[in-house]
Every structure is written in C-alpha cells, then in structure tokens.
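One structure is given here, and the rest of the page talks about it.
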Amino acid sequence: MSKLVIVGSVAFDAIETPFGKTDKILGGAATYIGLSASYFNIDAAAVSIVGGDFPQDYLDLLSNKNIDISGVEIVKDGKTFYWSGRYHNDMNSRDTLVTELNTLADFNPVVPNAYKDAEVVMLGNLHPLVQSSVLDQMTSESKLVILDTMNFWMDCALEDLLNVIKRVDVITINDEEARQLTGEYSLVVAAKKIHDMGPKYVVIKKGEHGALLFHNEHVFYAPALPLKEVFDPTGAGDTFAGGFAGYIAKTGDTSFENMKNAVIHGSALASFCVEKFGTERIQNLSREEVHKRLLQFKHLTQFDIELT
C-alpha cells in the first residue's frame, strides 16, 4: 500500500439546486478527494488551508477517516475559502454566485515530512504554481502524480499550467476543458495532444455521460451509472479523483489495466456523491454499498455477443 498526498481546498460551500438549498456546508476539492480516498483505508494526508472560522468538527471528520491533517494550516484570524453556486434544471450548468478566496489567496502548501516520499500525489484544482511547489517538496520521485485543473487556469495562467502538466503522469479534466486546452473538438485528438504535453494517462470526464481513459493508442470508456435522482453534482469530479487516486494507492499498480479499475471505482464513488447535498452521502459509505454499486457498473457494461 502506498502513501497518498492530497493537495487542494478545504472550504465552505452554499449550494442551490432544483431540489433545495443549503447554508454554508463542508466543501472543497481536498475534502471530497480525501473522503473518497478514505474508503480504501490508505495512509493519506491532506494539505490545505482554512481560517479560524472552520469548525473543529469538520477537521475531526477528516481525522476520523484516517486522513492526516497536519498539513492543513489554520490561520486563526483568517476566513476559510467560500463558494456559492446555483445549478440550472439540467444539473450540468451552474452560476457562481459568490467566490471568496480568503486564506486560499495566500496559500503556500507545506507537505508534512512524513509524506514527502509519498508514492501517489493528487494535485487538486489550484493555481498551477501552487501545484508545482508541492512537487518541488517531494524528496523522491513519486510512482504516480495526478493533476486536476479547470478552464479558469487555462484563461489566466496557461504557461504555468503547461509547465506543471509536463511533470505529471495523469491529468483529469472535463471534455470542455480538454477542447479548450488543445483547440481540438475530437476528444481522441485532444487526448493525443495532451499526451504530447507530458502525461502518460489522460482522463476526460463527461459528467452524466461517464469518463474516458486514454493511454497511447489505448482507450477505455466507463459510463456513468443512471440514477433516479441527482440532488447535487458539487464535488462529483473531486470524488471521482479521490476514488481513482485511492484505488491506485491501495493497489500500488499503475498499469493501464489497473487504471481501468481505478476509473470504475472513481465513477462508483462519484455516483454516491450526487445523491445528497455536499459530502453527506460519501461520509458514511459502507463496503457493502460500494460493492453493490460496483456490481451495478459491471452489469451495466458486461455483455456477450456472437460475432458472425
């Protein structure tokens, strides 16, 4: 089993969907990634920053999930990153109502000494220079470095983003971002261009239409599980990333065949995330629930066919 370092925001979210709305609740990329990865009972650490307004109960939640929080800086007189958004009826598009960077604006991540030799590094969606600074702190070459990013950094920090992309093994982005990053509409062509930028593996997330995994000439597709109700898509992509990274850290196998399994595990965990607001659903998942959902994915995709 490998060590996993998770770098990203630990935050407050306020969410409104057609199914209801919340006040400030627990959110942030590192939170979703960590809670998802914790399902695999691995040695994981979160690196982030919060203000003095961040409840101890939330920190205890992460600790109780066996996530080392010694790398979470607490700025006593600061305020925690806050995001508020409203989803449209299709649940795919949303409007950002409020973004307050607060302590995240001056975030200089410090990887705990015990995790500077981590075999798996999960770089959540942050400024590319922050992501690069984490890699600079690692004392040994990691077995797998995974990077998540978004179109905002392509708009305002493209050169820095391209520099950090050169240093990673896996990139996870959505289809719109892949097209923006490469200028290509075909996701197959876009993935090839991203391969040429440095990453060995490219994961392109397509929301309710699943995810694609590319490696050289190999392509794997994992569908999204059809769900009766989707209450809140917030954090689904990070939950996917946490499941993906957690599975790799648990198995220690970075082959393409095992990456397929990681994609399915990430997709299964993300399917739980959207069933409740915020982190509520993924906080207390049982092994039986996850096993049952993995079987659903298997039945969804497996078939026999006679070729004539």
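Thr96 places no side-chain N or O within donor-acceptor distance of the main-chain N or O of Gly85, the cut-off being under 3.5 Å. Panel note: side chain Ser132, backbone Leu129; no donor-acceptor pair is recorded below 3.5 Å. Glu119 places no side-chain N or O within 3.5 Å of a backbone atom of Ser2 that could act as its donor or acceptor partner. Side-chain atoms of Ser271 come within 3.5 Å of backbone N or O of Ala268 as a donor-acceptor pair. Within the 3.5 Å criterion, the main-chain N or O of Thr80 finds a donor-acceptor partner in the side chain of Asn102. Between the Asp13 side chain and the Ile25 main chain, no donor and acceptor come within less than 3.5 Å of each other. Without hydrogens or angle criteria, Thr239 side chain to Leu269 main chain gives no donor-acceptor distance under 3.5 Å.
Residues Met154 and Thr149 form a side-chain contact, since some pair of their non-hydrogen atoms from C-beta on lies under 4.5 Å apart.
Residues satisfying the salt bridge (Lys or Arg N to Asp or Glu O under 4.0 Å) criterion with Asp196, sequence neighbours excluded, are Lys192. For Tyr87, the side-chain hydrogen bond (donor to acceptor under 3.5 Å, both in side chains) partners at least two apart in sequence or on another chain are Arg94, Thr234. Residues satisfying the side-chain contact (heavy atoms from CB on, under 4.5 Å) criterion with Ala118, sequence neighbours excluded, are Lys3, Val5, Met138. Residues passing the side-chain hydrogen bond (donor to acceptor under 3.5 Å, both in side chains) test with Lys206: none are found, sequence neighbours excluded. Residues satisfying the side-chain hydrogen bond (donor to acceptor under 3.5 Å, both in side chains) criterion with Gln56, sequence neighbours excluded, are Asp60.
The only option from Thr254, Asn216, Asp169 that meets the side-chain hydrogen bond (donor to acceptor under 3.5 Å, both in side chains) definition with Lys200 turns out to be Asp169. Each of Phe220, Tyr247, Phe244 was compared with Ile264 under the side-chain contact (heavy atoms from CB on, under 4.5 Å) criterion, and only Phe220 meets it.
Salt-bridge formation is not detected for the pair Lys292/Glu289: no Lys NZ or Arg NE/NH1/NH2 atom is positioned less than 4.0 Å from an Asp or Glu carboxylate oxygen. For Arg281 and Glu229, the salt-bridge test fails: no basic side-chain N is under 4.0 Å from an acidic carboxylate O.
Under the ring-ring contact (aromatic ring centres under 6.0 Å, His included) criterion, the residue pairs touching residues 125-163 are His127-Trp153, with sequence neighbours excluded.
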Checking Asp136 against Arg167 for the salt bridge (Lys or Arg N to Asp or Glu O under 4.0 Å) test, could you report, in this order, the C-alpha distance in whole Å, the side-chain angles of both residues, the deciding distance, and whether it holds?
CA-CA 10 Å; Asp136 292 341; Arg167 305 175 65 183; 2.9 Å; yes
Tell me, with the steps shown, if Glu100 and Lys24 meet salt bridge (Lys or Arg N to Asp or Glu O under 4.0 Å).
CA-CA 13 Å; Glu100 297 176 3; Lys24 282 186 177 181; 5.4 Å; no
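Ring geometry, His215 versus Tyr201: the interplanar angle falls under 30°, so the pair is classed parallel (tilted spans 30 to 60°).
The number of heavy-atom neighbours closer than 6.0 Å to NZ of Lys260, taken from other residues, nucleotides and ligands shown, is above 12. Counting heavy atoms of neighbouring residues, nucleotides and ligands inside a 6.0 Å radius, atom NE2 of His291 does not exceed 12 of them. Within a 6.0 Å sphere centred on CG of Asn89, heavy atoms belonging to other residues, nucleotides or ligands number 12 at most.
Taken from CG in Asp175 to CG in Leu212, the straight-line distance is 9.0 Å, to the nearest 0.5 Å.
Residues Glu73 and Asn108 have side chains that never bring a donor and an acceptor to within less than 3.5 angstrom of each other. Between the side chains of Asp148 and Thr172, at least one donor-acceptor pair of N or O atoms lies under 3.5 Å.
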